[in-house]
Participant: 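My questions will all concern the structure given below.
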Amino acid sequence: VTITDDSEDDYQYEEVSADDEFSIQEGDEDLSKALQTIQEQAEDAQILASRSALSSEKSVSELPETEDDFFCNFLVRMGMSRTLDCFQTEWYELAERGVLTAKDFGLVPTVFTRKQQLEAENMRLKKDLENYKLTANKAKDALLRMQKERDFHQMHHRRVVQEKNKLICDIKRLKTHYASYEPVLKQLTEKYQATLRQKMLISLERDIAVGQV
């Protein structure tokens, strides 16, 4: 690939054959090296800018509070608005009168700020713990209710199975009982047929006798 300088800022790239690769001039090589150097410098500058931004954010976040800001933030957090108004009025009045010197505007040690952060985190964790406890209690109640429903359905299923087994036993017993009546019914049927034939013979004999008379 050969780089041709058409303008000050625009560069065009054109393909060349493999036989022309060794025909690149030294000026073109210097130009490509210069472009590469500029790109590397831009990347380095971007990295340095990001590092400086991170360091500035860190330094700002680690700046300790002044004593009056610390006290005002404490009153705001506790909801003591009237005490806050009185404090600010008296504090700025003393500052304007020159009663308060530069040493009175000291910084709160980092340990107090860290203590407040830990207390806030502790309160947040306690709230999360309470929410988790409520959720766990609700899940426990739901589980107990489902277990009771499961026990009820299991008991109902056992009762239905027992009734089914009882009905099956009754059906088998009735079948056995009715099977014992089959020989008796057969004998009664044979007696009935024999009696019916005898009756027919008697009727014929009676008709013959009546005819003879």
Participant: In Å and rounded to the nearest 0.5 Å, what is the NZ to NE2 distance from Lys148 to His153?
Facilitator: 14.0 Å
Participant: State yes or no: do Met78 and Val76 share one hydrophobic cluster built from I, L, V, M, F, W and Y residues joined by side-chain heavy-atom distances below 4.5 Å, directly or via other members?
Facilitator: yes
Participant: In the hydrophobic clustering that connects Ile, Leu, Val, Met, Phe, Trp and Tyr at side-chain heavy-atom distances below 4.5 Å, which members other than Val184 occupy its cluster, ordered by chain and number?
Facilitator: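 Traced through the cluster, Val184 reaches Leu188.
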Participant: Pair up each side-chain donor or acceptor in residues 190-197 with any protein partner under 3.5 Å, not counting sequence neighbours, and list the distances.
Facilitator:
| residue | atom | partner | partner atom | Å |
| --- | --- | --- | --- | --- |
| Thr195 | OG1 | Lys191 | O | 2.7 |

Participant: Measure the OG-CD distance between Ser203 and Gln198 for me, rounded to the nearest 0.5 Å.
Facilitator: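 Answer for the OG-CD pair, Ser203 versus Gln198, is 10.5 Å.
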Participant: Same cluster for Met155 and Phe152 if Ile/Leu/Val/Met/Phe/Trp/Tyr side chains link at under 4.5 Å?
Facilitator: no
Participant: Would you say Gln147 has more than 12 foreign heavy atoms packed within less than 6.0 Å of its CD?
Facilitator: yes
Participant: Do the side chains of Gln154 and Arg158 get nearer than 4.5 Å, heavy atoms only?
Facilitator: yes
Participant: What is the distance from atom CZ of Arg150 to atom NE2 of His157, rounded to the nearest 0.5 Å?
Facilitator: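 Taking CZ in Arg150 and NE2 in His157, the distance rounds to 14.0 Å.
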Participant: Within this structure, what is the NZ-OH distance for the pair Lys127 and Tyr132, rounded to the nearest 0.5 Å?
Facilitator: 14.0 Å
Participant: Taking CD in Glu90 as the centre, count heavy atoms belonging to other residues, nucleotides or ligands within less than 6.0 Å. Is the count above 12?
Facilitator: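 No.
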Participant: Sequence neighbours left out, what passes side-chain contact (heavy atoms from CB on, under 4.5 Å) with Gln212? Give chain and number order.
Facilitator: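 side-chain contact (heavy atoms from CB on, under 4.5 Å) list for Gln212, sorted by chain: Ile208.
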Participant: Could you go through the salt bridge (charged side-chain N to carboxylate O under 4.0 Å, His left out) check for Arg82 and Asp85 one step at a time?
Facilitator: CA-CA 5 Å; Arg82 288 181 295 179; Asp85 294 336; over 6 Å; no
Participant: Could you check whether Glu182 pairs with Lys186 (Lys NZ or Arg NE/NH1/NH2 to Asp/Glu carboxylate O, under 4.0 Å)?
Facilitator: no
Participant: Do Ser180 side-chain atoms and His177 backbone N/O form a donor-acceptor pair below 3.5 Å?
Facilitator: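 Yes; judged by distance alone, with no hydrogens or angles, the pair exists.
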Participant: Partners of Asp128 by salt bridge (charged side-chain N to carboxylate O under 4.0 Å, His left out), sequence neighbours excluded?
Facilitator: Arg124
Participant: What pair of heavy atoms forms the shortest contact from Leu84 to Leu75, and how long is it?
Facilitator: CA-CD1, 3.6 Å
Participant: Going hydrophobic residue to hydrophobic residue with side-chain gaps under 4.5 angstrom, can you get from Val161 over to Ile168?
Facilitator: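 No; Ile168 is not reachable from Val161 via cluster members.
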Participant: With Asp151, which residues qualify under side chain to side chain donor-acceptor pair (under 3.5 Å), at least two apart?
Facilitator: none
Participant: Determine all donor-acceptor pairs shorter than 3.5 Å in which one atom belongs to a side chain in residues 134-145; sequence neighbours excluded.
Facilitator:
| residue | atom | partner | partner atom | Å |
| --- | --- | --- | --- | --- |
| Thr135 | OG1 | Asn131 | O | 2.9 |
| Asn137 | ND2 | Lys133 | O | 3.1 |

Participant: Could you tell me whether the side chains of His156 and Arg159 share a donor-acceptor contact shorter than 3.5 Å?
Facilitator: yes
